[in-house]
Structures are given as structure tokens and as C-alpha cells.
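Here is the structure we will look at.
Quantities reported herein were computed from a predicted structural model and do not represent experimental measurements. Numbers restart at 1 for each chain; the letters A, B, ... are given by sequence-line order, proteins then strands.
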Number of protein chains: 2
Amino acid sequence: MPAPSRTDRDRIVETASALLEEGGTEAVTMQAVAQREGVQAPSLYKHVQHRRALLEAVVRSSARQLTARLERVRDDGDPRRSITAQVDELRRFAHDRPRAYALVMGAAPDLPRPTPELLSASLASLLAATTALAGSEHALDGARLVVAWANGFISMELAGALQLGGDIDVAWAWGLQRIVAALEDRPAD
Amino acid sequence: MPAPSRTDRDRIVETASALLEEGGTEAVTMQAVAQREGVQAPSLYKHVQHRRALLEAVVRSSARQLTARLERVRDDGDPRRSITAQVDELRRFAHDRPRAYALVMGAAPDLPRPTPELLSASLASLLAATTALAGSEHALDGARLVVAWANGFISMELAGALQLGGDIDVAWAWGLQRIVAALEDRPAD
DNA sequence: GTCTATATTTCGATAGAC
DNA sequence: GTCTATCGAAATATAGAC
């Protein structure tokens with residue numbers, strides 16, 4: 001989140017991110033990155049240790065961007081609106097950068113994930129709002145409910161597994177409203 | 001779902017499935033499969049067109065096994081119990097075969113997915129139970145709510161993204177109970 | 001920091017004998 | 001249907017000159 005200092009390394013990470021979205025992780029080869037940078041592949045090793053480290057840098061960068069976007073839309077006044085806004089923004093991020101979203105949420109095994117701390121930071125605002133709504137006793141459970149539903153919905157949407165007919169945006173809004181209601185309505189036990 | 005006829009092809013698919021769980025898709029090489037079958041790699045091409053077709057066969061086989069497991073535990077009498085039983089079984093399947101689960105649910109881009117029809121078949125019993133509980137008006141929305149939550153929870157659990165403390169099994173049970181309650185309680189609008 | 005050249009590995013897939 | 005032999009294509013990464 002420090003301002004991108006436009007060093008070569010940052011440009012390399014940006015290029016790698018673009019290739020990621022265009023063709024998935026396997027499209028992020030040192031050769032492809034080099035070609036797009038107008039350079040030869042071996043030159044990259046002056047800025048990046050190896051391919052794996054480059055992918056990790058892409059994941060970190062993406063997680064930070066997600067964090068920034070969620071913080072931008074959060075509403076500290078009304079937890080209910082804050083949850084809606086952030087979860088909507090999470091989905092928008094996924095639409096904009098589906099491959100990065102999958103990596104940040106750890107959906108792809110064998111690929112670099114963000115550290116737990118980085119992921120927690122991304123979802124911190126969301127957890128705070130959820131806690132405010134669900135009460136402290138089931139704060140963590142409630143947060144997991146929201147995040148799990150949102151992530152599951154978005155993942156299946158991206159995978160094309162929800163194409164059963166009907167309007168997906170409506171299903172999203174309906175589900176979100178039910179989830180929030182389930183948080184507010186504290187059960188007996 | 002037809003009884004495995006023990007042809008060579010079936011054994012190859014089984015071996016590939018085992019390799020998948022042990023090392024992910026990239027561990028499913030023609031050479032690795034051949035070695036475990038006690039045969040040379042080129043021989044496999046007498047039974048399988050190419051590697052991609054083998055992976056697709058693994059996905060189909062896994063989807064059918066999931067279907068069978070869900071049908072085995074469903075309860076046609078009580079939709080509420082049926083949902084719980086099936087969703088629990090879905091999670092158990094994911095614990096038993098995490099890599100296959102990710103493929104069946106389409107979590108991995110650039111890898112073969114089950115056809116929409118095959119995935120629908122896997123979730124058919126679950127959708128039926130959900131419909132019985134949520135009413136016909138929001139049947140599809142309700143089904144998506146359940147499946148999205150379950151898939152999201154399981155995905156994040158497998159990814160290790162839920163390790164924020166607390167008992168995961170308790171969080172699962174709590175969330176499931178809230179989801180079912182949200183289905184039963186029809187909103188005003 | 002960039003280049004050329006290259007070592008190395010690994011894999012998918014085919015040809016053709018048996 | 002199995003084998004040996006092999007092609008061909010990537011790709012990561014290093015060495016060393018400039």
C-alpha cells in the first residue's frame with residue numbers, strides 16, 4: 001500500500017498480474033513477463049529471486065489492493081450497511097480480477113496464498129461490522145457465516161456453477177439480505 | 001455409477017485420482033500414472049486419448065461418487081434433516097478427497113470441470129430438500145444460499161483461511177443452523 | 001543491468017517393432 | 001497392447017561477456 005514507487009520490480013509485478021488475469025498462473029512465465037517488458041528473461045532475475053517469489057509478490061499486491069477497496073467503502077456508522085457495501089465490493093473485486101481473487105482467497109492449492117495475517121487484514125473491516133451486528137458471543141461464527149456465504153457465492157459464480165437460470169444479481173441480493181437477517185436475529189440457544 | 005467394470009481404463013482413472021489427492025493435478029503425469037500401474041507411459045495412450053481426457057475422466061468419476069454419497073444420506077421425510085445430512089456429507093467428501101472436491105466444484109480455473117448437468121445431478125437431492133423448506137417462490141435463491149454457504153465454508157476451511165481460532169466444527173454447526181433458519185423464515189417482501 | 005548461450009529437467013506424444 | 005527409442009516443446013535458471 002505504500003505508493004507504488006515505479007521501480008522495475010513493481011512494473012514486473014504489474015505485468016505478471018496482467019498475465020495472470022489473461023491466462024491464469026501458468027501464463028505467468030518468466031519468458032512471457034520478459035517479453036512484455038521488452039527484455040530478455042534472464043534479466044528478470046536481477047529483480048526477482050525466482051518465479052515462485054514473483055507469484056507471491058502478485059498475491060501480496062492483490063491482497064493489499066483488496067484491503068484498500070474494502071476500507072474505502074466501509075461505513076463505520078451503520079454495521080448493516082457496512083456489511084452490504086463491503087461484501088458488494090468484494091464481489092466487484094472478484095469480477096474485476098477473478099484470478100487474483102481466487103489466489104487471495106486461497107482457492108487454488110499448490111499456489112502461493114497470502115499469509116493469514118494479510119488475509120485477516122483484508123477482512124478486518126468486514127469482521128468488525130459483522131461483530132457489531134451479531135454480538136460478541138457469536139462474533140467469530142457470524143463473521144465466518146458472512147464470509148463463507150459471500151466467498152462461496154462468488155466462487156461458484158466465477159466457475160459458472162450457478163447458471164441454473166434466474167437473475168444472479170437478484171439471487172445475490174436476496175441471499176445477502178437473508179444472511180444479514182440471520183445475523184441480527186439472535187437464536188435462543 | 002454403473003459398477004466399476006475393472007477394465008484397465010477404470011484402474012487408470014483410479015490411479016490418477018489417487019495421484020491427484022497426493023500431489024494435485026500436476027502430479028497426475030502420464031509417467032507417474034504409468035509407473036504406478038507398472039507399465040510404460042506410451043501404453044496408456046491405448047486406453048486414454050491424452051492427459052486432458054484422463055483428468056476429465058477423474059472429474060466425472062469424482063462427481064458421480066459425490067452424487068452417490070449425497071443420495072445415500074438424504075432424508076425424503078424431513079427436508080430440514082435432509083439438508084443437514086447432505087451438507088454434512090458434502091463436507092465429509094471434501095475432507096476425504098479435497099482435490100477432487102475442488103475440481104468438482106469448479107474451484108480451479110483452467111482445469112476440467114464437470115458438465116453443468118453432472119454438477120446439477122450431484123446437487124439435485126439437496127436442491128429438492130431446500131425447495132421443500134424455502135417454498136417455491138424463492139426455491140432457487142434458497143438453494144443457492146445453502147450451497148454457496150456450504151461451499152464457501154468448506155473451501156476456506158480446506159485453504160486454511162478459517163484458522164482464526166475457535167472450534168471449526170462448532171462454527172459449521174452454528175452456521176448451518178442459521179442458514180436453515182433463514183430458509184424457513186420467509187421474509188416479508 | 002542487460003545481453004547471448006546454454007545446461008538441465010520434465011513432459012506429452014508418436015513411430016514402429018514385437 | 002506392450003515395449004524401446006525418440007522427437008519436440010516448454011520452461012527455469014545459471015554463467016559470463018559487455
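- For the pair A/Leu19/A/Arg99, no side-chain contact is recorded, criterion being any heavy-atom separation below 4.5 Å from C-beta on.
- Shown here is B/Arg52, whose CZ atom has more than 12 heavy atoms of other residues, nucleotides or ligands within 6.0 Å.
- Position along DNA chain D of the nearest nucleotide to B/Pro42 versus A/Thr29 favours B/Pro42 as the more 5'-ward residue.
- Between the side chains of A/Glu71 and A/Thr67, no donor-acceptor pair is found at a separation under 3.5 Å.
- Relative ring orientation between A/His138 and B/Trp174 is described as parallel, the plane-to-plane angle staying below 30° on a 0-90° scale split at 30° and 60°.
- Environment of CD in B/Glu26: sparse, with no more than 12 heavy atoms of neighbouring residues, nucleotides or ligands closer than 6.0 Å.
- Side chains of B/Ile12 and B/Thr15 form no contact here, defined as non-hydrogen atoms less than 4.5 Å apart.
- Each end of the helix from C/dG1-D/dC18 to C/dC18-D/dG1 yields a helix axis from five base pairs, and these two axes differ in direction by 10° (to the nearest 10 degrees).
- Rounded to whole Å, atom P of C/dG12 lies 7 Å from atom CE of B/Met30.
- The separation between A/Glu26 atom CD and C/dC11 atom C1' is 14 Å, rounded to whole Å.
- Here B/Asp8 contributes atom CG and B/Lys46 contributes atom NZ; the two are 13.0 Å apart, rounded to the nearest 0.5 Å.
- Residues A/Ile179 and B/Ile179 meet the side-chain proximity criterion, which asks for heavy atoms closer than 4.5 Å.
- Listed in residue order, the members of residues 51-62 of chain B having a heavy atom less than 4.0 Å from DNA chain C are B/Arg51.
- Counting non-hydrogen atoms under 4.0 angstrom, A/Ser43 reaches a base of the nucleic acid.
- Straight-line distance from the NE2 atom of B/His47 to the P atom of C/dG12: 18 Å, rounded to whole Å.
- Within 6.0 Å of the CD atom in A/Gln49, the count of heavy atoms belonging to other residues, nucleotides or ligands does not exceed 12.
- For the pair A/Gln31 CD and C/dT4 P, the computed distance is 13 Å after rounding to whole Å.
- A 4.0 Å heavy-atom criterion places the boundary nucleotides of DNA chain D facing chain A at D/dA11 to D/dT14, written 5' to 3'.
- No side-chain heavy atom of B/Ser155 sits under 4.5 Å from any side-chain heavy atom of B/Met105.
- Taking 4.0 Å as the cut-off between side-chain N and carboxylate O, A/Asp169 and A/Arg91 count as a salt-bridged pair.
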